[in-house]
*Asks:* 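My structure is below; once you've seen it, I'll send some questions.
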Amino acid sequence: MTQYFIERPDFYQLEIQQGKAVADAAQAAGVEHVVFSSLDAVQKTMGFPCLLYDSKAHVEEYMKTIGLPVTVVKYPLYYESYLSLRLVKKLEDDTYEIGYAIEGAAMHAVSVADMGFAVREIFKNRAEWLGRTVGFSGGKHTIQQHADILSKHLAPNVFKPTKVTPTMTVS
């Protein structure tokens with residue numbers, strides 16, 4: 001997994017540089033199996049840039065181009081991202097608001113802790129997984145369902161989704 005520094009204006013180039021360096025080093029060392037965490041190429045498939053996704057897709061393509069023995073894994077939103085990306089904010093009424101304004105749309109998510117087991121199985125079964133792309137999901141829920149799950153497991157804290165207001169635009 002490459003490390004992105006989304007707060008830096010040049011994170012796109014940095015992530016690609018880092019990913020290519022890792023690929024080149026793995027190839028030079030004769031590594032027999034790389035498992036790389038990538039995302040879909042939004043620019044290529046949708047026609048508009050999404051630098052966070054496109055940088056990973058660029059590195060994935062590079063790894064394949066140089067013939068690196070790779071299995072690509074693609075993860076959706078990490079549940080832990082609510083905290084690490086500061087997507088949760090405490091409100092004046094002591095409830096917590098989840099910073100996604102996607103009313104009603106269900107999205108896939110997964111826990112970081114669960115992914116190690118999956119990657120271990122990929123490494124243990126190299127012949128079966130080499131050259132393949134594998135997508136994962138721990139569940140597909142609406143933002144309200146995510147809030148309900150967080151409220152249940154982090155009680156007495158109460159979570160709720162961001163409300164879409166007329167001044168917000170969702171694209």
Side-chain angles (χ1 to χ4, degrees), residues 1-88 98-102 105-143 145-146 149-150 153-154 170-171:
M1 176 179 281
T2 50
Q3 175 61 47
Y4 65 92
F5 301 95
I6 201 162
E7 65 279 353
R8 290 186 54 163
D10 60 344
F11 83 89
Y12 175 79
Q13 293 84 9
L14 285 173
E15 186 167 23
I16 291 172
Q17 180 182 17
Q18 178 190 58
K20 284 182 171 183
V22 168
D24 291 341
Q27 188 175 49
V31 172
E32 295 180 10
H33 192 186
V34 172
V35 175
F36 178 66
S37 177
S38 187
L39 292 168
D40 294 325
V42 175
Q43 177 71 50
K44 186 176 178 180
T45 58
M46 304 295 288
F48 57 87
C50 179
L51 299 181
L52 180 63
Y53 280 57
D54 293 337
S55 57
K56 289 171 178 40
H58 188 94
V59 172
E60 173 188 343
E61 187 61 34
Y62 179 76
M63 288 179 169
K64 291 176 180 177
T65 300
I66 66 170
L68 196 64
V70 63
T71 301
V72 175
V73 293
K74 295 191 177 181
Y75 302 119
L77 167 77
Y78 295 118
Y79 292 116
E80 292 83 357
S81 292
Y82 287 127
L83 299 177
S84 66
L85 297 178
R86 296 181 185 97
L87 299 175
V88 175
I98 300 173
Y100 273 118
I102 54 170
M107 62 183 176
H108 292 275
V110 68
S111 175
V112 172
D114 293 336
M115 293 300 87
F117 299 104
V119 171
R120 180 183 65 206
E121 289 304 309
I122 290 170
F123 277 123
K124 284 173 58 177
N125 298 288
R126 178 183 184 270
E128 180 180 350
W129 296 105
L130 192 61
R132 294 178 66 185
T133 298
V134 185
F136 292 94
S137 178
K140 186 175 181 181
H141 306 289
T142 65
I143 196 67
Q145 290 170 319
H146 281 241
I149 290 167
L150 288 169
H153 292 284
L154 298 174
V170 179
S171 53

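We use all heavy atoms of the structure for the numbers below, so side chains are in, but hydrogens, waters and symmetry mates are not. Being a predicted model, the structure only gives us computed values, none of them experimental.
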*Asks:* First locate atom CZ of Phe136, then atom NZ of Lys74, and finally report the distance between them rounded to the nearest 0.5 Å.
*Replies:* 12.5 Å
*Asks:* Do Glu60 and Leu39 have side chains that get closer than 4.5 Å, going by heavy atoms?
*Replies:* no
*Asks:* Write down the atom of Ala26, the atom of Leu68, and the distance for their closest heavy-atom approach.
*Replies:* CB-CD1, 4.0 Å
*Asks:* Kindly assign one of parallel, tilted or perpendicular to the pair His146 and Tyr79, based on the angle between their ring planes and the thresholds 30° and 60°.
*Replies:* tilted
*Asks:* Please report the closest heavy-atom contact between Val31 and Pro69, naming both atoms and the distance.
*Replies:* O-CG, 3.4 Å
*Asks:* Identify the two heavy atoms, one from Lys140 and one from Gln145, that lie closest to each other, and give their separation to 0.1 Å.
*Replies:* O-OE1, 4.4 Å
*Asks:* Within a strict 4.5 Å, meaning less than it, do heavy atoms of the Ile122 and Arg132 side chains meet?
*Replies:* no
*Asks:* Of the non-hydrogen atoms in Ser137 and Pro76, which two are nearest, and what is the gap between them?
*Replies:* CA-CG, 4.4 Å
*Asks:* Step through the shown structure and confirm whether more than 12 heavy atoms of other residues, nucleotides or ligands are within 6.0 Å of OH on Tyr75.
*Replies:* yes
*Asks:* Taking C-beta and beyond as the side chain, do Gln13 and Ile16 meet within less than 4.5 Å on heavy atoms?
*Replies:* no
*Asks:* For Ser111 and Glu80, work out which heavy atoms get closest and say how close.
*Replies:* OG-OE2, 2.8 Å
*Asks:* Using the rule given for salt bridge (Lys or Arg N to Asp or Glu O under 4.0 Å), can you reason through Glu61 versus Lys64, listing the C-alpha separation, both sets of side-chain angles and the distance that settles it, and then say yes or no?
*Replies:* CA-CA 5 Å; Glu61 187 61 34; Lys64 291 176 180 177; 5.6 Å; no
*Asks:* Using modelled atom types only, decide if a donor and an acceptor are shared between the side chain of Gln27 and the backbone of Ile66 within a distance under 3.5 Å.
*Replies:* yes
*Asks:* Search all heavy atoms of Ala57 against all heavy atoms of Asp40 and return the closest pair with its distance.
*Replies:* CB-C, 4.1 Å
*Asks:* Just how far is it from atom CD of Gln17 to atom CG of Asp10, taken to the nearest 0.5 Å?
*Replies:* 9.0 Å
*Asks:* Surrounding CD of Glu128 (heavy atoms of other residues, nucleotides or ligands, distance under 6.0 Å), is the total greater than 12?
*Replies:* yes
*Asks:* Begin with the C-alpha distance, continue with both residues' side-chain angles, and end with the deciding distance and a verdict on side chain to side chain contact (heavy atoms under 4.5 Å, CB included) for Lys44 and Asp54.
*Replies:* CA-CA 8 Å; Lys44 186 176 178 180; Asp54 293 337; over 6 Å; no
*Asks:* Quick check: do Tyr62 and Asp24 have side-chain heavy atoms less than 4.5 Å from each other?
*Replies:* yes
*Asks:* Taking the side chain from Thr71 and the backbone from Trp129, do they hold a donor-acceptor pair closer than 3.5 Å?
*Replies:* yes
*Asks:* Can you confirm whether Met63 sits close enough to Ser38 that some side-chain heavy atom of one is under 4.5 Å from a side-chain heavy atom of the other?
*Replies:* no
*Asks:* Output, in order, the C-alpha distance, side-chain angles, deciding distance and verdict of side chain to side chain contact (heavy atoms under 4.5 Å, CB included) for Val73 and Phe36.
*Replies:* CA-CA 6 Å; Val73 293; Phe36 178 66; over 6 Å; no
